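The structure presented is a predicted model; accordingly, all values stated were derived computationally and were not measured.
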Amino acid sequence: QLQLVESGGGLVQPGGSLRLSCTASGFTLDGYAIGWFRQAPGKEREGVSCISPRSGTLNYIDSTKGRFTISRDNAKNTVYLQMNSLKPEDTAVYYCAARASFCSYFRNSFNYWGQGTQVTVAS
């Protein structure tokens with residue numbers, strides 16, 4: 001069974017950091033582009049960042065540039081999202097998703113999704 005599992009979410013104060021992990025089971029990630037998406041209450045799901053099989057990266061939104069870094073460790077079958085200088089507006093459920101080949105701006109082109117991990121930024 002192909003599965004993605006996110007972890008690393010939690011409650012953090014503004015200005016703090018978290019590192020999210022997305023680990024695959026049932027398949028290897030090295031041939032897939034992995035995207036991180038987030039959905040805040042009452043809002044649509046939006047793309048945050050994506051990493052291609054050859055580790056090229058794509059930022060979907062300007063608000064996280066310079067603060068969030070996506071990376072991958074194919075040996076661990078895991079993709080990470082390092083989030084620094086967190087702000088209350090970063091509060092959301094964060095999802096990772098996989099699609100074969102390259103990153104895409106089209107959310108619906110990602111075939112496999114994890115269940116999400118909650119990130120809450122509050123004092």
Any chance you could lay out the side chain to side chain contact (heavy atoms under 4.5 Å, CB included) test for L81 and T69, step after step, and finish with the verdict?
CA-CA 6 Å; L81 185 67; T69 303; over 6 Å; no
Between [atom1] on residue [X] and [atom2] on residue [Y], distance to nearest 0.5 Å:
X: Y112; Y: I34; atom1: OH; atom2: CD1; value: 11.0 Å
X: S17; Y: Q82; atom1: OG; atom2: CD; value: 5.5 Å
X: L18; Y: T117; atom1: CG; atom2: OG1; value: 8.5 Å

Please work out which of the three classes, parallel, tilted or perpendicular, describes the rings of W113 and F37, given edges at 30° and 60°.
tilted
Report yes or no: does [X] contribute a side-chain atom to a donor-acceptor pair with the main-chain N or O of [Y] at less than 3.5 Å?
X: E6; Y: C96; answer: yes
X: R99; Y: R107; answer: no
X: T120; Y: L11; answer: no
X: N59; Y: I61; answer: no

Using side chain to side chain donor-acceptor pair (under 3.5 Å) as the criterion, list what pairs up with [X], not counting sequence neighbours.
X: T57; value: none
X: E46; value: R38
X: N111; value: none
X: D62; value: K65

Counting heavy atoms not belonging to E89, are there more than 12 under 6.0 Å from its CD?
yes
Dump the intermediate steps for side chain to side chain contact (heavy atoms under 4.5 Å, CB included) on Q115 and L4, then the final yes or no.
CA-CA 8 Å; Q115 83 290 346; L4 293 172; over 6 Å; no
Applied to residues 75-108, the ring-ring contact (aromatic ring centres under 6.0 Å, His included) test, sequence neighbours excluded, yields Y60-Y105
Name all pairs fulfilling the ring-ring contact (aromatic ring centres under 6.0 Å, His included) condition that reach into residues 5-25, sequence neighbours left out, sorted by first residue then second.
none
Closest non-hydrogen atom pair, S123 against P14:
N-CD, 3.7 Å
Closest non-hydrogen atom pair, A98 against Y32
CB-CD2, 4.1 Å
Residues two or more places apart in sequence or in another chain: which of them pass ring-ring contact (aromatic ring centres under 6.0 Å, His included) with F68?
none
Summary of disulfide (SG to SG under 2.5 Å) pairs that have at least one residue in residues 39-90, sequence neighbours excluded:
C50-C103
List the atom pairs, with distances to 0.1 Å, where a side-chain N or O of residues 22-30 and a protein N or O form a donor-acceptor pair under 3.5 Å, not counting sequence neighbours.
| residue | atom | partner | partner atom | Å |
| --- | --- | --- | --- | --- |
| T23 | OG1 | T78 | OG1 | 3.1 |
| T28 | OG1 | D30 | OD1 | 3.3 |

Would you please say whether a donor-acceptor pair under 3.5 Å links the side chains of S109 and S104?
yes
Quick one: side-chain contact (heavy atoms from CB on, under 4.5 Å) partners of A40, sequence neighbours excluded?
K43, A92
Set of residues satisfying salt bridge (charged side-chain N to carboxylate O under 4.0 Å, His left out) with respect to R67, sequence neighbours excluded:
D90
All salt bridge (charged side-chain N to carboxylate O under 4.0 Å, His left out) counterparts of K87, not counting sequence neighbours
none
